[in-house]
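To keep things clear, I will list the structure first and then write my remarks on it.
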Protein chains: 2
Amino acid sequence: MPQAKNDLFDEDLQELAQLYKALAHPARLQILKFLASRDACFCGDITEVVPLGRTTVNQHLTELKKAGLIQGTTRGAKTNYCLNQQGVDKLNTHGLSFCNSLQSKSCESSNC
Amino acid sequence: MPQAKNDLFDEDLQELAQLYKALAHPARLQILKFLASRDACFCGDITEVVPLGRTTVNQHLTELKKAGLIQGTTRGAKTNYCLNQQGVDKLNTHGLSFCNSLQSKSCESSNC
DNA sequence: AATGATTGACGTAAAAGTACGTCGATATGA
DNA sequence: TCATATCGACGTACTTTTACGTCAATCATT
């Protein structure tokens, strides 16, 4: 993102946009869903599920971690990734409140 | 986006990612909020609210229209933009169901 | 110790996004 | 009619994202 210009906006909007950006790729959505479907936060085979190269998947994982939506702990040679419930909660809270703010006035007048 | 590779994913995920991408910029979030705050779907002065050049704002408006979140009708020299309630509903429905799908298993085990 | 597997870090090429200037078309008002 | 204003279309410079190959470090296994 053109970081420079983003500073002109409300922090709330910046933060929310940042969250949405983390979700703006099908691979990342798939990863999140996959992690949610696992009762144990087992990982590493994410690579086998996502139809992309290993390094690319890793890059998406890094993005998600940076966004605070997942967390990963390395033990031994393998790394365990799992959802960061805090981040998911944040997404729910902020996202919902934004969506609700859009519910208000629709085009009841004849203008559009 | 690398459109080519996106076809490898579920249509649902692609569509949702597309929606989120439309929200992945503070200017676009601000525009949506602004439109929602207007009882009449009056516009054109969006440019005055968003701290960016006119052409850039217009570009963001085009993005939002492409995503189906707003609609615009030109009358005379001016153009009226307003929320597309259908698109907003879609965002609410799909977005919520996705977020809910993330609620499930957190890291209750000691792995992470 | 040596081999193989896992994974993050780094580099890079191609694609997409961002921001803006300019132009032309249309329309409002003097 | 002429000047002015609005706005979409187009071009463009710059940044970011995406996708992947390669490398090095770490660990498990032999």
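Worth knowing before you read on, the calculation uses all heavy atoms, side chains too, and leaves out hydrogens, waters and symmetry mates. All chains are named by letter (A, B, ...) in the order of the sequence lines, taking the proteins before the strands, and each is independently numbered beginning at 1.
The aromatic rings of B/His25 and A/Phe9 sit perpendicular to each other, their planes meeting at more than 60°, with 30° as the lower class boundary.
In this structure, A/Gly76 and A/Lys66 both approach DNA chain D, and ranking their closest nucleotides by distance from the 5' end singles out A/Lys66.
Across the protein-nucleic acid pair, A/Tyr20 atom OH and D/dT16 atom C1' stand 22 Å apart, rounded to whole Å. Nucleotide D/dT16 holds its C1' atom 8 Å from the NZ atom of A/Lys21, rounded to whole Å. Computed from coordinates, the A/Arg28 CZ to D/dT18 C1' distance equals 9 Å when rounded to whole Å. In this structure, B/Leu52 places its CG atom 11 Å from P of C/dT18, rounding to the nearest Å. A/Asn6 has its CG atom 12 Å from the C1' atom of C/dG17, to the nearest Å.
Rounding to the nearest 0.5 Å gives a distance of 7.5 Å between CG of A/Asn84 and CG of A/Leu69. With rounding to the nearest 0.5 angstrom, the CG atom of A/Leu83 is 11.0 Å from the CD1 atom of A/Ile31. Distance OG/B/Ser97 to CG/B/Leu16: 7.5 Å, rounded to 0.5 Å.
A distance-only check finds no donor-acceptor pair linking the side chain of A/Gln30 to the backbone of B/Leu13 [under 3.5 Å].
A sub-4.0 Å separation between OP1 or OP2 of C/dT18 and a side-chain N or O of B/Thr56 is absent. For A/His60 and D/dT17, the shortest distance from a side-chain N or O to OP1 or OP2 is not below 4.0 Å. Dashed line: the shortest gap from a side-chain N or O of A/Lys5 to OP1 or OP2 of C/dC20 is under 4.0 Å.
Proximity of A/Leu52 to A/His60: side-chain heavy atoms (C-beta onward) are separated by under 4.5 Å at one or more points.
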Can you tabulate the close N/O pairs, meaning under 3.5 Å, that link protein atoms to atoms of nucleotides 2-10 of chain D?
unit_1: D/dC7; atom_1: OP1; unit_2: B/Thr79; atom_2: N; d: 3.0
unit_1: D/dG8; atom_1: OP1; unit_2: B/Tyr81; atom_2: OH; d: 2.7
unit_1: D/dG8; atom_1: OP2; unit_2: B/Asn58; atom_2: OD1; d: 2.6
unit_1: D/dG8; atom_1: OP2; unit_2: B/Asn58; atom_2: ND2; d: 2.2
unit_1: D/dG8; atom_1: N7; unit_2: B/Arg54; atom_2: NH1; d: 3.2
unit_1: D/dG8; atom_1: O6; unit_2: B/Arg54; atom_2: NH2; d: 2.8

